[in-house]
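Presented below is the structure to which this report refers.
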Amino acid sequence: MIKRVLATITSSREIALDTIEMNLAIPEFASFSPIAPGQFVHIQIGSGVAHQLRRPISIADVDYEKQQITIIFKVIGTGTEELRKYRVQDQLDLLVPCGNGYPIEKIDSKKALLIGGGIGVPPLYYLAKKLVDKGVEVTSILGFQTKDHVFYEQAFQALGDCHVVTNDGSYGYQGFVTNVIETVQPTFDTFFSCGPTSMLKAVTNSLVDREGYISLEERMGCGVGACYACVIPSPNEKGFKKICQDGPVFLASEVSL
Amino acid sequence: MIKRVLATITSSREIALDTIEMNLAIPEFASFSPIAPGQFVHIQIGSGVAHQLRRPISIADVDYEKQQITIIFKVIGTGTEELRKYRVQDQLDLLVPCGNGYPIEKIDSKKALLIGGGIGVPPLYYLAKKLVDKGVEVTSILGFQTKDHVFYEQAFQALGDCHVVTNDGSYGYQGFVTNVIETVQPTFDTFFSCGPTSMLKAVTNSLVDREGYISLEERMGCGVGACYACVIPSPNEKGFKKICQDGPVFLASEVSL
Amino acid sequence: MSQLAIELPGLMLKNPIMPASGCFGFGQEYSKFYDLSQLGAIIIKAATEQARFGNPTPRVAETTAGMLNAIGLQNPGVEKIITEELPRLANYNVPVIANVAGSTIEEYEAVTEALSKSNDIAAIELNISCPNVKQGGVQFGTDPALAAEVTRRVKAMSNVPVYVKLSPNVTNIVMIAKAVEDAGADGLTMINTLTGMQINLNTRRPVLANTIGGLSGPAIKPLAIRMIYQVRQEVSIPIIGMGGISTAEDVLEFLLAGASAVAIGTANFLNPFVCPEVITALPHVLEKYGFASVADAIGKGHEDAKLHLSRT
Amino acid sequence: MSQLAIELPGLMLKNPIMPASGCFGFGQEYSKFYDLSQLGAIIIKAATEQARFGNPTPRVAETTAGMLNAIGLQNPGVEKIITEELPRLANYNVPVIANVAGSTIEEYEAVTEALSKSNDIAAIELNISCPNVKQGGVQFGTDPALAAEVTRRVKAMSNVPVYVKLSPNVTNIVMIAKAVEDAGADGLTMINTLTGMQINLNTRRPVLANTIGGLSGPAIKPLAIRMIYQVRQEVSIPIIGMGGISTAEDVLEFLLAGASAVAIGTANFLNPFVCPEVITALPHVLEKYGFASVADAIGKGHEDAKLHLSRT
Ligand SMILES: Cc1cc2nc3c(=O)[nH]c(=O)nc-3n(C[C@H](O)[C@H](O)[C@H](O)COP(=O)(O)OP(=O)(O)OC[C@H]3O[C@@H](n4cnc5c(N)ncnc54)[C@H](O)[C@@H]3O)c2cc1C
Ligand SMILES: Cc1cc2nc3c(=O)[nH]c(=O)nc-3n(C[C@H](O)[C@H](O)[C@H](O)COP(=O)(O)OP(=O)(O)OC[C@H]3O[C@@H](n4cnc5c(N)ncnc54)[C@H](O)[C@@H]3O)c2cc1C
Ligand SMILES: Cc1cc2nc3c(=O)[nH]c(=O)nc-3n(C[C@H](O)[C@H](O)[C@H](O)COP(=O)(O)O)c2cc1C
Ligand SMILES: Cc1cc2nc3c(=O)[nH]c(=O)nc-3n(C[C@H](O)[C@H](O)[C@H](O)COP(=O)(O)O)c2cc1C
Ligand code: FES
Ligand code: FES
């Protein structure tokens with residue numbers, strides 16, 4: 001069940017260019033567990049006057065002992081710019097946890113391929129940890145704009161094979177994540193992907209016959225399914241899905257990108 | 001000349017109910033001196049997005065050594081509520097110094113009567129200090145809503161006779177400042193008054209034949225004379241005065257309340 | 001309780017607070033946050049004759065102290081609303097107001113007729129901010145004659161009171177208000193969103209896939225207050241006010257302007273608890289400003305006031 | 001320099017930034033903050049035939065991300081403006097645009113005639129958001145025929161180009177824009193303020209002594225962008241855009257929507273340096289988003305776009 005909480009920022013640091021990692025202590029933590037990888041928090045910016053809409057940010061990690069979650073966000077506009085200014089001990093008004101994550105309990109997979117692009121990388125980290133916990137072998141392909149944008153490479157490396165690609169080739173492979181899939185030809189039975197829609201299109205096109213889950217992004221209003229801002233056409237009976245409520249994670253075959 | 005500066009808050013404390021005293025360190029202080037009593041600062045609230053208008057607050061004291069000014073404000077609405085939340089070391093964007101103060105250099109007075117009401121009291125404190133410096137004898141009559149709203153009584157007492165009156169009689173005299181004038185019958189050659197318009201009307205009516213200066217309040221836009229928000233009819237050639245630019249201090253005979 | 005209660009045509013409201021159409025779906029999502037029976041009423045998402053998918057995404061954008069939306073009447077169609085959504089809402093002790101939309105007068109009639117067979121709605125909110133496809137897309141709500149015509153025809157079909165929802169995108173909203181009052185409207189709801197737009201500097205294209213969208217949120221509150229105040233002086237049917245409300249103080253301002261109840265839209269997205277929180281705060285705010293009840297405050301901003309037209 | 005320069009009828013602008021009418025007086029106050037010669041142009045406060053005191057105070061109120069004003073055309077009268085204010089502005093290397101107001105067409109004509117004798121103005125901004133006393137107070141700017149008539153008559157009197165300032169308080173701004181274009185307007189300025197209101201909960205009265213006032217500031221920016229975008233598609237005379245601008249990014253958004261230059265109003269009150277700061281920032285913003293010059297960006301938000309009418 002989604003709750004509204006005031007989380008306390010316990011750490012905030014820039015881990016790559018314009019990319020901030022924050023740890024947030026969540027009150028009444030027990031009532032949220034377990035949090036599924038792929039779920040997100042919907043964050044109020046400031047007093048909520050100038051910024052009328054919350055910002056959806058994926059849960060990048062969960063520390064059940066410390067009762068805190070990790071988020072990683074890139075500063076791309078006025079809201080994330082404000083968010084970057086928050087300091088340790090400041091409070092953030094969150095709706096948590098939102099959406100449906102990757103259904104790892106239901107998935108019978110031995111080898112997983114994780115494909116992340118830019119700010120789509122964060123949720124895959126918590127997913128990778130959960131998969132490894134389950135005994136799944138994990139290979140990750142992470143795409144970033146440039147060397148300066150790369151983050152969490154070692155963290156993913158610690159959980160399995162990790163290939164980094166940058167658009168300009170300034171670090172790791174050069175090109176797009178799909179180029180790396182072709183080059184590396186990883187073996188896997190299920191893929192999990194998160195990133196910009198253009199990347200997800202390329203990924204699902206190149207892996208069209210494979211079982212896979214993708215996590216989608218769309219501009220959101222409510223974040224809870226009430227406003228119909230975040231719909232995506234779907235071959236289901238209703239003709240559409242709501243990304244915030246039915247997703248953000250979908251079976252690749254479930255939605256029409 | 002009015003400048004825009006980022007002042008640093010060096011102290012902030014509640015000196016009476018919903019009444020905050022703040023000290024502000026002013027950069028390039030020398031370029032502003034001397035500041036006349038009755039001048040004000042025009043303060044930006046927050047990032048200036050939700051609050052599009054600055055708030056005018058009188059300069060209540062000036063410390064030339066520490067290069068700082070004192071302001072005292074009452075929390076009455078959203079802007080002053082925001083202002084109260086500022087902490088020591090935070091910065092405030094000010095236009096300073098605005099308006100024309102009490103022309104104490106020009107005034108040939110031996111005994112001054114200061115009459116302040118509520119948030120009209122602060123500028124009179126700096127005025128009292130300046131007058132006493134000049135060798136003028138000062139009597140003050142300060143009106144407040146209730147006992148809980150009283151502030152700076154001792155500070156005024158240290159500079160001369162000081163009579164406090166509260167509307168509900170919970171402290172000092174009961175009633176209005178004009179009642180106290182009648183009761184105390186102070187001797188003075190010039191009066192100086194600041195407070196709500198209704199009080200200024202009562203004061204100028206009861207002292208109609210005496211030389212006096214009053215400081216006016218009006219909702220302001222620019223604070224510098226450009227927007228014509230803060231005009232008051234005047235028997236001068238233009239037919240009006242601008243409170244922010246020609247005032248806020250006027251000869252009582254100069255303006256039509 | 002009676003301090004907050006207010007009675008309007010077809011609506012016995014335990015308090016004057018209701019979520020605005022399109023900002024609360026059909027209530028199911030927010031029922032997970034709190035008991036919907038706390039609400040004065042619920043205005044559900046627009047219903048059309050057939051199911052509609054609405055506009056392409058992006059459908060929302062943020063503006064300073066406001067938001068733009070171009071959802072585009074997405075809804076499962078009136079029949080599904082009656083069979084699937086209304087029964088779920090009937091579990092709560094709260095009157096439901098159905099928002100009726102259409103592209104032709106005939107569609108408005110058909111939707112109203114279908115809803116009239118349901119026992120689960122207390123009133124209709126007639127959404128006239130829709131383009132009339134038969135008249136080259138001119139909005140029903142911007143032409144007094146057209147607004148009156150659709151009001152009359154829907155009123156004839158309906159067995160519950162009809163509140164007409166006014167569009168603010170007009171030169172003279174009083175004229176439209178009078179036209180629909182004369183045509184038989186039982187009440188007014190106002191205001192709908194103002195037509196706005198935002199351009200993305202990176203893509204050099206409008207942010208909304210639909211190019212234009214409706215502006216809502218605190219940014220539009222002064223426009224809503226002005227329109228309600230002006231309409232209150234010229235019509236006598238009750239007004240349900242909306243536009244940028246997020247606090248109990250805002251509610252009181254709408255009551256003073258002349259609204260008898262209010263709806264809260266955009267603010268639900270920021271704070272899913274905004275409606276019950278405002279309901280809880282309202283008695284204190286009424287008291288603070290010296291009002292015995294909601295009824296006592298309605299229209300109290302008008303006394304001694306007269307409307308000047310000159311400005312700037 | 002040529003990156004920012006733009007030429008409009010009667011106006012050789014070194015950059016597209018100018019203060020908006022009524023927000024900058026006659027320039028003297030802001031000349032103490034910076035050298036006015038930095039500005040692209042200056043639009044001075046409205047001129048009427050005789051001196052006017054304007055409305056009673058309070059004349060301004062703050063709203064969320066906006067402000068209301070009801071100054072009420074206070075000015076010393078056109079003759080004093082010509083003899084006292086314009087000569088002072090002539091000391092700066094900056095074109096002056098005179099804002100012309102009136103209560104009758106004859107007053108507009110008289111003000112224009114007087115200004116036409118001065119050599120100190122480069123253009124006229126015709127403020128048609130004034131009530132026409134001869135027609136029961138209906139605003140010139142809300143009726144296409146009246147707007148066209150006053151444009152034609154002023155244009156006939158003027159020896160400088162005439163920019164007509166459009167009121168946003170209309171159902172169809174494109175219709176008004178076309179009417180004044182047909183009537184001979186050399187350009188448009190848009191938008192003026194939206195009519196709004198605020199009620200003080202303590203006094204239970206409208207905050208503004210005038211009851212209603214004009215809403216300006218960031219709150220109205222999406223409405224300004226929408227109107228400029230729509231007008232740009234239907235008229236060919238240049239547009240000077242305004243409404244909530246406070247950053248160079250805002251300026252670019254107005255250029256993309258179709259404005260050829262912009263005016264900044266309310267933001268001057270918050271930051272007296274806003275105009276020169278925006279001028280300094282503009283080259284970087286143009287560059288960041290891939291534009292070689294101001295001219296290069298004008299109207300670039302339109303390509304491939306088409307205007308849909310359906311929404312909500
Ligand atoms: C389910 C989900 C999970 C996400 N997880 C992350 C994450 O872990 N880390 C991260 O950096 N970003 C994430 N994003 C993207 C993030 O929400 C946007 O980058 C952010 O909202 C931009 O806000 P802004 O104010 O800085 O940008 P602005 O452009 O100023 O925002 C204006 C409006 O557009 C919306 N918006 C702008 N870009 C996007 C976008 N790409 N997706 C959705 N809304 C957008 C904003 O929410 C806001 O309403 C996620 C998005 C979704 C939908
Ligand atoms: C020259 C001058 C000097 C002042 N000095 C002081 C001082 O030393 N201490 C102090 O506490 N107050 C002083 N005031 C009053 C102070 O400006 C207001 O109390 C304050 O602006 C209220 O802001 P708010 O946001 O809390 O109120 P809100 O009511 O939320 O403000 C809304 C708008 O109304 C304006 N406003 C509201 N009340 C007043 C008022 N009484 N006078 C002017 N504008 C008002 C605000 O500036 C703002 O634009 C002074 C006013 C003037 C004109
Ligand atoms: C996302 C969204 C969807 C809306 N959908 C509808 C709708 O279907 N029918 C309708 O009459 N109004 C609709 N509205 C308008 C609201 O009901 C309300 O009139 C408007 O938003 C002003 O109130 P607010 O500022 O509190 O949001 C919608 C508004 C928003 C923000
Ligand atoms: C205090 C004030 C006074 C104004 N006076 C005038 C005026 O005299 N003539 C006019 O055409 N517009 C006047 N305007 C409107 C502005 O020129 C401008 O069109 C409007 O404020 C929108 O721009 P902004 O949001 O940048 O302020 C005034 C606006 C304000 C805020
Ligand atoms: S954001 Fe409101 S339905 Fe998804
Ligand atoms: S506040 Fe603008 S002229 Fe005084």
Side-chain angles (χ1 to χ4, degrees), chain C residues 22 46 55 63-66 68-73 127 129-131 137 142 169-172 192-199 201-202 204-206 210-215 218-223 225-226 229 244 249 252-253 256-257 289 300-301 303-312, chain D residues 22 46 55 63-66 68-73 127 129-131 137 142 169-172 192-199 201-202 204-206 210-215 218-223 225-226 229 244 249 252-253 256-257 289 300-301 303-312:
Chain C
N55 291 319
T63 69
T64 308
L68 292 167
N69 90 81
I71 307 294
L73 295 179
N127 178 355
S129 298
C130 304
T142 59
N169 301 295
V170 296
T171 308
N172 187 338
N192 212 322
T193 53
L194 283 112
T195 315
M197 174 172 168
Q198 190 176 63
I199 302 178
L201 304 184
N202 281 306
R204 305 178 183 185
R205 294 290 166 269
N210 188 54
T211 304
I212 60 171
L215 182 66
I220 69 168
K221 199 185 76 171
L223 307 175
I225 293 288
R226 185 266 294 179
Y229 188 90
E249 284 80 4
L252 180 54
E253 191 178 351
L256 295 178
Y289 292 99
K300 281 299 189 317
E303 280 157 32
D304 297 331
K306 61 178 188 295
L307 202 62
H308 303 261
L309 281 164
S310 113
R311 53 172 196 84
T312 23
Chain D
N55 291 319
T63 69
T64 308
L68 291 167
N69 90 80
I71 307 296
L73 294 179
N127 178 355
S129 298
C130 304
T142 59
N169 301 294
V170 296
T171 308
N172 187 337
N192 212 320
T193 54
L194 283 112
T195 315
M197 175 172 167
Q198 189 176 64
I199 301 179
L201 304 185
N202 281 306
R204 305 179 182 183
R205 294 290 165 269
N210 187 55
T211 304
I212 59 171
L215 182 66
I220 70 168
K221 200 185 76 174
L223 307 175
I225 293 288
R226 185 266 295 178
Y229 188 90
E249 283 80 4
L252 180 54
E253 191 178 351
L256 296 178
Y289 292 99
K300 282 297 189 317
E303 280 156 33
D304 297 333
K306 64 178 185 293
L307 203 61
H308 304 261
L309 282 165
S310 115
R311 52 172 198 85
T312 22

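So that the names make sense, note that chain A is the first sequence line, chain B the second, and so on, each numbered from 1. Quantities reported herein were computed from a predicted structural model and do not represent experimental measurements.
Atom CE of M197(D) is separated from atom NZ of K221(C) by 11.5 Å, given to the nearest 0.5 angstrom. Here CG of L252(D) is found 5.0 Å from CG of L201(C). Values are rounded to the nearest 0.5 Å. Distance check: Y229(D) OH to I212(C) CD1 gives 10.0 Å after rounding to the nearest 0.5 Å. Going from atom CZ of R226(C) over to atom OG1 of T211(D) covers 12.5 Å, rounded to the nearest 0.5 Å. Between the CD1 atom of I220(D) and the CG atom of L223(C) there is a distance of 9.0 Å, given to the nearest 0.5 Å.
Legend: residues meeting side chain to side chain contact (heavy atoms under 4.5 Å, CB included) with T63(C), ordered by chain and number and at least two apart, are L68(C), Q198(C), L215(C), P222(D).
When side chains are defined from C-beta on, I199(C) counts as touching I225(D), because their heavy atoms get closer than 4.5 Å.
Between the side chains of T171(C) and T142(D), no donor N or O sits under 3.5 Å from an acceptor N or O.
A donor-acceptor pair under 3.5 Å is formed between the side chain of R204(C) and the backbone N or O of Y289(D).
The two residues P206(D) and G301(C) make their nearest non-hydrogen contact at CD-O, 3.9 Å.
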